[in-house]
Each structure stands twice: as structure tokens, then as C-alpha cells.
Amino acid sequence: MPNKPSKRKILYAQRKKSGCCPRCGGKVKKTSKFIFCDDCRAFFRGYNHEYSESINEARKAKYDDRKESGQCPRCGKKLGKGYNRAICPDCLDKQYQYNYAKKRPVKKPVAAKKPVKKGKKK
């Protein structure tokens, strides 16, 4: 492949138009629904596979460490002792807004009612 982007685009278009694999120039089966040959498709499937696995393992380890230490697994903020969820309220708001495109309804804590003292009537 040429080094200049303009020449690469031209070569890509020529190969694609002639029914060849745009990456390597090899023949593609006419019955194939893909534009790349089988070898190039195998190359793309395996591209950066090992690298992405190591990143995923590191992310999982970081998540587990934060969760065990009482931090939010996403941002690392300390969670309070009485907090019973794994993710902090800020991250929950972000997730809710991303999923539903609106603010998350926040439940206000209900204040405990004071017991009424009953006295003797005179």
C-alpha cells in the first residue's frame, strides 16, 4: 500500500471496484457478502486481541479493588458506611441520564416521626 492517504484511497477504490480485496488485492469469492478476503478478515478479527484482553483484566482488577475498599468502582470516591449501593450517587446519575436522557428521580429520606407522649388527663 502507498504511504500517502490520497493514493491509498485511490488504490482502495480501484481494488473494491474490480472485486478484489481492498487491503491485499487478493481475489474475493463472488458468493461472499464481504468485501475483504478470508485472510484479511481473520487478521482484523485477531487484531489487538491480546492487548484488549490485558486491558480488560486490569479494569476488572481495579473494579474489584475499589469495591472491596469501599470506594465507587467507577470514579474511586469513598462511599459512606451507611450507603448500601456499589456505585456512588454521581455515577448513578450519569448512568441514568445516559440510559434515559433525563435526571434520575431522587428519593428524599423520610424523617422519623417523633413519638407523641401521652399524659394523664386531669
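Between I35 and V28, the shortest heavy-atom distance links the atoms O-CG2, 3.5 Å. What you find for F36 and R41 is that their closest heavy atoms are O-CD, 3.6 Å. What you find for L79 and I87 is that their closest heavy atoms are CD2-C, 4.5 Å.
Distance CD/E57 to OG/S52: 10.0 Å, rounded to 0.5 Å. Here K78 contributes atom NZ and Y83 contributes atom OH; the two are 15.0 Å apart, rounded to the nearest 0.5 Å. Residue R23 holds its CZ atom at 5.0 Å from CZ of F44, rounded to the nearest 0.5 Å. Here I10 contributes atom CD1 and K4 contributes atom NZ; the two are 11.0 Å apart, rounded to the nearest 0.5 Å.
Looking at heavy atoms from C-beta onward, K9 lies out of side-chain contact with S6 at the 4.5 angstrom threshold.
Checked options S32, C20, C24; the residue passing with C37 is C24 (criterion: side chain to side chain contact (heavy atoms under 4.5 Å, CB included)).
Both Y47 and Y12 belong to a single network of hydrophobic side chains, linked directly or stepwise wherever heavy atoms of I, L, V, M, F, W or Y lie under 4.5 Å apart.
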For residues 58-69, tabulate all N or O donor-acceptor pairs below 3.5 Å that involve a side-chain atom, not counting sequence neighbours.
| unit_1 | atom_1 | unit_2 | atom_2 | d |
| --- | --- | --- | --- | --- |
| R66 | NH1 | P73 | O | 3.3 |
| R66 | NH1 | R74 | O | 3.0 |
| S69 | OG | D65 | O | 3.2 |
| S69 | OG | R66 | O | 3.1 |
| S69 | OG | Q71 | OE1 | 3.4 |

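Applying the salt bridge (Lys or Arg N to Asp or Glu O under 4.0 Å) criterion to K7, with sequence neighbours excluded, gives no partner residue.
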